[in-house]
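Input: a single structure, listed below in structure tokens.
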There are 2 protein chains.
Amino acid sequence: MRSAEELRYLILAAQREGNRLLGQALRPLGITPSQAEVLRILQDRRSLTLNGLGDLLICESGNSPSRLVDRLASAGLVDRQVSAHDRRHVEVTLTAEGLRLAGQIAAIEEGLYEFIDAASEGHDLEQITGFLRAFVADLPAGQALARRSTTE
Amino acid sequence: MRSAEELRYLILAAQREGNRLLGQALRPLGITPSQAEVLRILQDRRSLTLNGLGDLLICESGNSPSRLVDRLASAGLVDRQVSAHDRRHVEVTLTAEGLRLAGQIAAIEEGLYEFIDAASEGHDLEQITGFLRAFVADLPAGQALARRSTTE
DNA sequence: GAAAAATAGATTACACGACATATATGTCGT
DNA sequence: ACGACATATATGTCGTGTAATCTATTTTTC
């Protein structure tokens, strides 16, 4: 198997397993990895429009995360409010319960990051992130991540 | 953003964008990346049971790729045949049309691999695959990939 | 050789995720 | 003020992705 092919499948495997592990860890909170990503972003930026949120999400390609936010709203974790100035905009904010959960999520993510740190013993992480950053730099998800990194 | 967190999102971003690119390239063939993975595996191993196939798939966690194979069967790309000896087993094989498509898929994948090769200019791919291999080694998707690599 | 356990596969329920399309609202040129 | 266009969000459809449950068939155990 040529190395580009192996890399392709390794990235798929790593993403899938990582997501599965995170999903299991989040299960007691009753939320999914995608929902957790939204809550953690809102924890840092008090309020965002749906589009603004979509521009920061890696887990979903821009279109508009309205259904993702739908479920969070039904669960009472976020509030949606139509902007007074521009009624096309919907402002999304955390509820008190959402804020509480965001804190718990941060703790769970910390566990995942320690797992990653342990797995990267003896490897040059900078090589790896450097390659991946270059790979996605010109693509939507890469730009979303760049927006996340700069202000967060 | 700590580097483990960045890596996590980079892997998510790379997987998502890679899959999106491949999906667009495959669209003219009328199949999805997951379906392509099945066809390519069957191209190398003439016949497999559903479970045997699931053990080699990275794109789907072993449970059973029955839905995936359903669609391929409806599209006339694979045949399913209940084993005479053990009627629990369903043997899956490519049809002539499926074999033809598998060849076209290989050509499209080649394009993706050239893109990956280009992006990895100046980076140490061995560092990257080494890290990811260690990361998924003990997890189901990693073992599926190991099975793929050894015999393919 | 029959009941119990294990196994293979299918089915189902739920939540994404991608894409296309629809709808509502704003902006701009005239 | 009107129409063309752009923007923000919502919705419909399809195909995964995960886990739980169901059924059929073998294998094991007594």
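Chain letters run A, B, ... following the sequence lines, proteins first and then strands; every chain starts at 1.
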Checklist entry - In whole angstrom, what separates Arg20(A)'s CZ from dC16(C)'s C1'? => result 17 Å
Checklist entry - More than 12 foreign heavy atoms under 6.0 Å from CD of Gln81(A): is that the case here? => result no
Next on the checklist: Test side-chain contact (heavy atoms from CB on, under 4.5 Å) on Leu57(A) and Leu53(A); report intermediate values, then the result.
Outcome noted: CA-CA 6 Å; Leu57(A) 283 174; Leu53(A) 177 60; 4.2 Å; yes
Next on the checklist: One thing to verify: whether Arg133(A) and Glu126(A) come together as a salt bridge, which I'm taking to mean a side-chain N less than 4.0 angstrom from a carboxylate O.
Outcome noted: yes
Item to check | Leu21(A) CG - dT18(D) C1' separation (whole Å) | outcome: 13 Å
Item to check | Contiguous Watson-Crick or G-U pair runs (3 or more, under 3.5 Å) in DNA chain C | outcome: C:1-30 with D:1-30
Item to check | Nucleotide dT16(D), atom P - distance to CD1 of Ile58(B) in whole Å | outcome: 16 Å
Checklist entry - Hey, does the Lys NZ or Arg CZ of Arg148(B) hover above the aromatic six-ring of Tyr9(A), less than 6.0 Å from the centre and inside 45° of the axis? => result yes
Next on the checklist: Rounded to whole Å, how long is the line connecting atom CG of Leu68(B) with atom P of dG9(C)?
Outcome noted: 15 Å
Output side-chain donor-acceptor pairs under 3.5 Å for residues 24-35 of chain B, partner residues at least two apart or in another chain, one line each.
from, atom 1, to, atom 2, distance (Å)
Thr32(B), OG1, Gln35(B), N, 3.2
Gln35(B), OE1, Thr32(B), N, 3.1

Checklist entry - When the nearest nucleotide of DNA chain C is assigned to Ala84(A) and to Arg16(B) on a heavy-atom basis, which residue is associated with the more 5' position? => result Arg16(B)
Item to check | Between P of dC16(C) and CG of Leu57(A), the distance in whole Å | outcome: 12 Å
Checklist entry - Any side-chain donor paired with an acceptor under 3.5 Å for Glu91(A) and Ser83(A)? => result no
Checklist entry - Which letter, B, S or -, goes with each nucleotide of nucleotides 2-11 of chain D from 5' to 3', with contact meaning a protein heavy atom under 4.0 Å? => result ----BBSBBB
Checklist outcome for this item: In numerical order, the residues of residues 25-34 of chain A whose heavy atoms come under 4.0 Å of DNA chain C are Thr32(A), Ser34(A)
Item to check | 4.5 Å side-chain heavy-atom contact, Leu48(A) and Leu42(A) | outcome: yes
Checklist entry - When the distance from CZ of Arg71(B) to C1' of dA10(C) is rounded to whole Å, what number comes out? => result 14 Å
Checklist outcome for this item: Ranking His85(A) and Gln24(B) by the position along DNA chain C of their nearest nucleotide, the one closer to 5' is Gln24(B)
Checklist entry - How close or far is atom P of dT16(D) from atom CD of Glu60(A), stated in whole angstroms? => result 18 Å
Checklist entry - If you look at every heavy atom in Glu17(A) and Ala141(B), which pair is closest and at what distance? => result OE2-N, 2.7 Å
Checklist entry - Side chains of Met1(B) and Leu145(A): closer than 4.5 Å at any heavy-atom pair? => result yes
Item to check | Contacts of Glu121(B) that satisfy salt bridge (charged side-chain N to carboxylate O under 4.0 Å, His left out) - sequence neighbours left out | outcome: none
Checklist entry - For residues 100-109 of chain B, which residue pairs qualify under salt bridge (charged side-chain N to carboxylate O under 4.0 Å, His left out), counting only residues two or more places apart or in two chains? => result Arg8(A)-Glu109(B), Arg40(B)-Glu109(B), Glu97(B)-Arg100(B)
